[in-house]
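First the structure, in the form of structure tokens, and then the observations on it.
Only this structure's heavy atoms are used, side chains among them; waters, hydrogens and symmetry mates stay out. All chains are named by letter (A, B, ...) in the order of the sequence lines, taking the proteins before the strands, and each is independently numbered beginning at 1.
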Amino acid sequence: MEVLKGAIALIGYGLAAIGPGVGIGIIAGNAVQAMARQPEAAGMVRTTMFLGIAFTEALALIGFVLFFLA
Amino acid sequence: MEQLILASGECDLTQQTVCAPADVTELFEYRIPVFEILGFPITRTVFLMFLAAAIVAAITFFGLRRKAVVPGRFQAAVEALFGFVRDEVAIGIIGPHGIRYYPYLLAIFLFVLVGNFFEITPFVNFPITSRMALPASLAALTWVIFIAAGIKRQGVRYVADILWPPGVPVFLRPLVGAIEFVSTFLVRPFSLAVRLFANLVAGHVMLTLLLTTGLVSLTTIGEIGALKGAFGIAWWALGLAIFLFEVVVIVLQAYIFTLLSAVYIETSVNPAH
């Protein structure tokens, strides 16, 4: 039963990582596009990109913590 | 080896390829005190916490002691760091009166940065921010400050606007208000703490697993055979690659913690925009 619980926790973490993975990819890709189109706005875009990544990443990290707690 | 959190003593490489941690729940638990001062037990985390505070105080004191017009190398570095927090974070995010929150943001940035750097300090190898109590306390501090700033700046309207948001159709207001309440007062501090904590735990566990497994493989190569021993080199190399990656994570997480604290304060002091 313990082994099964650990395996399910692993799958749960994997599922929790899908959405944020896609989301961070979209954020970073669009930030690169924005910086390429408007290099003078790169500083602002970078700050906003980190903010967006931080918010998106939280979901994956909560999954990571729950993996240990499960 | 005792420096590392995970029980590598129980690692048996004749049975397993990777030294799996025996018990990770100790990340959330009280540990045995190292020594006592006046009856207060001091654990390694508490000791490193005071050490981090002392390092931050020393950097600030020695960096800005003489205020030379032509700064030396150390003073220039400290001034660049402080200026970055003041101009990019405090004033850049909050606005002109963000200078009032600059001391708090600077203190939290330096403390988290030094605390994170213990992760890759040789012979310490333990980020104090990977114990939940510390990021949770820092997040609670930010929580108190942004609520106090909102109430001081806007009065009762600060809470009222969150619970009963203007500009939303009346029949939706209870729903939006409830969501806003949960996201502002509960999810914000929780995600702020968990983000820092989980990033540092993940890095710490990865480094410990890979470097410990590599070291144990290489030192017991006679018993486990050359094939498994060769794995040790791969684990060690991967561990060193992640070591470099962790430098980026350490600085970035300290920056993000400060940045989000500033963003939360900004939403309290500059309403409706």
Side-chain angles (χ1 to χ4, degrees), chain A, chain B residues 5-6 20-29 84-85 87-94 112 129-132 135-136 139 183 186-206 248-249 251-264 266-267:
Chain A
M1 208 58 204
E2 272 301 306
V3 177
L4 191 64
K5 215 176 132 191
I8 292 174
L10 270 176
I11 294 171
Y13 173 63
L15 290 176
I18 294 174
V22 174
I24 290 175
I26 292 173
I27 293 169
N30 283 335
V32 168
Q33 265 196 355
M35 284 190 234
R37 288 184 185 196
Q38 254 179 311
E40 66 273 15
M44 201 187 69
V45 171
R46 197 173 297 119
T47 307
T48 320
M49 180 186 80
F50 282 138
L51 270 182
I53 288 179
F55 283 125
T56 315
E57 191 190 40
L59 296 170
L61 293 173
I62 290 167
F64 174 79
V65 171
L66 289 181
F67 160 69
F68 279 131
L69 289 178
Chain B
I5 56 158
L6 302 172
D23 184 15
V24 194
T25 52
E26 68 159 304
L27 289 168
F28 301 95
E29 284 165 6
F84 171 76
V85 176
D87 299 335
E88 298 294 319
V89 181
I91 295 177
I93 298 283
I94 304 177
V112 172
T129 36
S130 73
R131 292 269 189 250
M132 190 52 178
S183 95
L186 303 177
V187 175
R188 268 183 186 185
F190 177 72
S191 69
L192 192 61
V194 164
R195 180 175 301 111
L196 183 62
F197 164 75
N199 266 298
L200 270 294
V201 169
H204 181 55
V205 169
M206 262 197 301
V248 180
V249 171
V251 177
L252 206 57
Q253 286 308 315
Y255 171 57
I256 284 178
F257 196 93
T258 319
L259 192 68
L260 284 176
S261 297
V263 168
Y264 294 157
E266 192 270 341
T267 56

Kindly compute the distance separating [atom1] ([X]) from [atom2] ([Y]), expressed to the nearest 0.5 Å.
X: Leu51(A); Y: Leu259(B); atom1: CG; atom2: CG; result: 4.5 Å
X: Ser191(B); Y: Leu61(A); atom1: OG; atom2: CG; result: 10.0 Å
X: Asn199(B); Y: Glu57(A); atom1: CG; atom2: CD; result: 4.5 Å

- Task: Could you tell me how the ring of Tyr255(B) sits relative to the ring of Phe50(A): parallel (under 30°), tilted (30 to 60°) or perpendicular (over 60°)?
- Result: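 Aromatic pair Tyr255(B)/Phe50(A) classed perpendicular.
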Per-residue contact mode, [X] against chain A (heavy atom under 4.5 angstrom):
X: Glu88(B); answer: neither
X: Val89(B); answer: neither
X: Ile93(B); answer: side chain

- Would you indicate whether the side-chain heavy atoms of Phe64(A) and Val194(B) approach each other to under 4.5 Å?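 Val194(B) does not reach Phe64(A) side chain to side chain.
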- Taking Arg195(B) for its side chain and Ala54(A) for its backbone only, find out whether a donor-acceptor pair lies under 3.5 Å.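 Checked: pair present.
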- More than 12 heavy atoms of other groups within 6.0 Å of Phe190(B) CZ: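 No, because the 6.0 Å sphere around CZ of Phe190(B) holds 12 heavy atoms or fewer from other groups.
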